[in-house]
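Labels below follow one simple rule: chain letters A, B, ... track the order of the sequence lines, proteins then strands, and each chain is numbered from 1. What you see is a predicted model, and the numbers here were worked out from it, not measured in a lab.
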2 protein chains.
Amino acid sequence: MARRRDATMEDVANHAGVALSSVSRVLNDHPDVSDRMKQRVMGAIADVGYEPNLLASSLRRGSTKTIGFLASDISNPLFAEIALGAERRLDEAEYTMVLTNSEGSGERDEEMIRLLRWRRTDGLILSVSDERRAGTLVELARLDVPVVLIDRDVKGLDDASVVTSDHARGMRSAVDHLIELGHTDIALISGPRQLRPARERLRVFRRAFRDQQLEPPEHLLRIGSFSAQSGEQATLDLLASDRPPTAMIAGGNLLLTGVLRALRRRKLTVGRDIALVSCDEVPLTELHSPPITVIARDAVHMGDLAAELLLERLVGDAEPRRAVVPTSLIVRDSTKKARRR
Amino acid sequence: MARRRDATMEDVANHAGVALSSVSRVLNDHPDVSDRMKQRVMGAIADVGYEPNLLASSLRRGSTKTIGFLASDISNPLFAEIALGAERRLDEAEYTMVLTNSEGSGERDEEMIRLLRWRRTDGLILSVSDERRAGTLVELARLDVPVVLIDRDVKGLDDASVVTSDHARGMRSAVDHLIELGHTDIALISGPRQLRPARERLRVFRRAFRDQQLEPPEHLLRIGSFSAQSGEQATLDLLASDRPPTAMIAGGNLLLTGVLRALRRRKLTVGRDIALVSCDEVPLTELHSPPITVIARDAVHMGDLAAELLLERLVGDAEPRRAVVPTSLIVRDSTKKARRR
DNA sequence: TTGTAAGCGTTATCAT
DNA sequence: ATGATAACGCTTACAA
């Protein structure tokens with residue numbers, strides 16, 4: 001591990017007895033290079049064990065072939081799948097992904113965006129932790145590279161592409177489904193209003209009731225964080241209330257685990273004692289007993305799309321645009337039986 | 001998005017009427033700078049809206065403050081947690097993590113290691129997809145930065161630090177536990193022998209039987225990939241055999257989902273018709289009905305440790321070393337009842 | 001087709 | 001304490 005000085009293009013040039021620029025041309029497949037030159041240079045490269053220094057070429061070219069990715073928590077399967085989809089697509093286009101976590105903190109959102117700017121990433125894929133934060137907008141405004149937001153609406157940021165999912169449609173089907181089963185005391189446990197998915201779900205949740213001439217059960221709304229702990233607490237709270245829900249909607253996979261923990265503690269059986277719908281498909285929803293009805297979307301595809309929208313602007317210099325990923329309600333036994341009180 | 005030329009240190013120097021080198025000194029907290037100089041430079045920095053170019057400074061300094069992370073699939077909760085732990089720790093030390101996926105391919109292992117080398121990352125954290133591949137060893141040998149392997153043993157790579165988990169202990173307790181419950185027809189569904197966890201588990205699985213004067217059930221071993229599909233296929237296969245197992249051990253969270261799918265298809269109830277142990281805690285193991293006995297370890301901690309071992313060498317230039325993360329058997333209802341045939 | 005040389009934005013060495 | 005200036009390793013006019 002003795003940091004021996006790496007061979008540079010100059011070493012190659014000397015070894016081959018040619019000019020530095022010729023080496024560069026060979027390496028970059030410049031049209032005007034004789035076969036003989038190519039041979040000599042390639043030979044020398046092998047001889048001296050040359051390896052390109054992407055740092056130097058990035059500096060000179062003004063492009064790093066690197067994309068920054070920011071999410072609150074990569075260990076959340078939702079973000080992990082998005083990251084996977086994005087990385088795959090970017091890799092095809094020879095871009096490398098730099099991963100950062102904001103740990104749900106708006107302050108870290110800012111820090112990370114600044115860091116990525118300083119590192120001169122060619123573009124950003126962001127799912128910020130707080131859409132409303134002024135500082136984040138400032139950091140974003142300083143950026144002069146394309147940005148793609150994932151399931152976020154940042155007011156004032158007009159030149160970003162956006163990949164959203166159609167939460168409205170999914171939530172609408174879920175509520176309609178529950179109402180049709182006879183439920184009206186439906187609880188919604190969701191994340192903070194600073195985030196688009198939570199806002200959308202809440203909006204459509206209420207709307208769905210009104211459209212059926214029903215009053216939305218405001219007392220059954222629980223807006224907290226997206227964590228398991230928050231889900232567990234909210235559920236215990238709901239169950240202890242005067243008029244507990246006969247059905248619940250959990251707005252995310254972490255919330256779901258919290259909800260299930262709480263139900264287990266209260267010895268309630270999903271599907272029999274209480275109906276349950278969750279958002280985002282994970283192994284648990286499919287393999288739970290009974291299987292859990294879920295508002296699903298293709299997270300890997302969202303990542304893929306985000307990368308695609310970015311590449312459009314990077315390579316094809318297209319305009320920013322919005323893409324919407326569909327959601328669909330997968331009905332399972334957790335909502336099969338109706339229960340009226 | 002008009003790529004306006006960014007302000008450089010030269011702009012700052014001109015604006016402040018000082019030398020370029022003075023700006024650099026201010027920015028790097030050099031001891032020999034007058035307060036007055038500091039004021040002027042900071043003022044100019046604000047005026048011209050200067051932002052450091054980490055690319056240029058990396059090139060000059062010979063260090064990128066960047067660590068490469070390679071795993072087969074970041075959407076696997078195990079790797080996602082490891083990545084999270086590592087990123088957190090590295091971020092504290094002002095390092096950024098570059099994430100790459102090998103998609104389970106040894107060839108991509110090689111490509112990614114080469115790419116990270118070309119990008120001049122200061123160190124690597126790797127969980128390669130094939131420990132035995134010669135090409136990977138070649139790529140690793142060319143590296144002149146510290147490496148930490150996660151749960152991998154690469155023969156011939158002597159100067160790497162390694163974080164492993166104590167699969168031996170975990171598997172040993174699991175088998176002993178099952179035998180004590182009266183099981184002897186225990187199946188093991190595991191990943192490929194190219195990977196340490198699979199090798200270790202297999203080795204200890206057999207050993208545990210022999211130590212009890214029992215013959216290991218070779219016909220119940222299923223060595224495939226770590227995927228859900230592989231787990232499902234292996235399970236269906238086992239259940240269709242002459243002498244199906246009364247207990248099964250799934251060697252990973254993806255395998256587990258496959259196993260559960262297969263059991264469901266065959267209408268077998270976990271804990272009653274068949275005992276089940278899995279490896280690595282996920283929400284599903286805890287919240288399944290019945291809850292699933294699991295060989296657990298702290299994945300986030302593994303990532304944290306890996307970062308730690310890397311930083312030791314980077315900052316403190318310590319020697320490479322090995323760290324072992326404990327595993328523990330969490331007994332749940334999936335293995336409560338014995339069944340003899 | 002090939003070579004020469006300027007420049008990307010820093011840091012670090014050397015004077016002053 | 002501050003200022004010139006030479007690297008760092010590459011790409012790209014421009015000349016030959």
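Atom NE2 in A:H30 sits about 13 Å away from atom C1' in C:dG3, given to the nearest Å. The nearest whole Å value for the distance from the CG atom in A:D29 to the P atom in D:dT12 is 13 Å. To the nearest angstrom, P of D:dG3 lies 12 Å from CG of B:N14. The interatomic distance linking B:R36 (CZ) with D:dA1 (C1') rounds to 11 Å, in whole Å. Atom CG in B:L55 sits roughly 14 Å away from atom P in D:dG9 (whole-Å rounding). Here the P atom of nucleotide D:dC8 and the CG atom of A:L54 are 19 Å apart, to the nearest Å. The nearest whole Å value for the distance from the CG atom in B:L27 to the C1' atom in C:dT11 is 11 Å. Distance A:D32 CG to D:dA13 C1': 14 Å, rounded to the nearest Å.
Under the 4.0 Å criterion applied to side-chain N and carboxylate O atoms, B:R114 and A:E51 are not assigned as salt-bridge partners. B:E92 and B:R89 are joined by a salt bridge, as a carboxylate oxygen and a charged side-chain nitrogen come within less than 4.0 angstrom of each other. The existence of a salt bridge linking B:R61 and B:D122 is excluded, since no basic side-chain nitrogen approaches an acidic carboxylate oxygen closer than 4.0 Å. Using a 4.0 Å cut-off between a side-chain N of Lys or Arg and a carboxylate O of Asp or Glu, B:E131 and B:R196 do not qualify as a salt bridge. With respect to the salt-bridge test (charged N to carboxylate O, under 4.0 angstrom), the residues A:D6 and B:R117 do not qualify.
Here the side chains of A:L116 and A:L143 are not in contact, with every heavy-atom distance at 4.5 Å or above. For the pair B:L126/B:R152, no side-chain contact is recorded, criterion being any heavy-atom separation below 4.5 Å from C-beta on. Using a 4.5 Å heavy-atom threshold, the side chains of A:R119 and B:T96 count as touching. No side-chain heavy atom of B:R322 sits under 4.5 Å from any side-chain heavy atom of B:L149.
At a cut-off of 3.5 angstrom, counting only N and O atoms as typed in the model, there is no donor on one side facing an acceptor on the other between the side-chain of A:S22 and the base of C:dG3.
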Using a cut-off of under 3.5 Å, enumerate the N/O to N/O pairs linking the protein to nucleotides 6-10 of chain C.
residue : atom : partner : partner atom : Å
C:dG7   : N2   : A:R60   : NE           : 3.4
C:dG7   : N2   : A:R60   : NH1          : 2.9
C:dG7   : N3   : A:R60   : NH1          : 3.2
C:dT10  : OP1  : B:Y50   : OH           : 2.7
C:dT10  : OP1  : B:N53   : N            : 3.2
C:dT10  : OP2  : B:M9    : N            : 2.9
C:dT10  : O5'  : B:Y50   : OH           : 3.3

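With axes fitted over five pairs at each extremity, the angle between the ends of the helix from C:dT1-D:dA16 to C:dT16-D:dA1 is 40° (10° resolution).
B:S34 comes within 4.0 angstrom of sugar-phosphate atoms only, judged by non-hydrogen atoms across all strands, and of no base.
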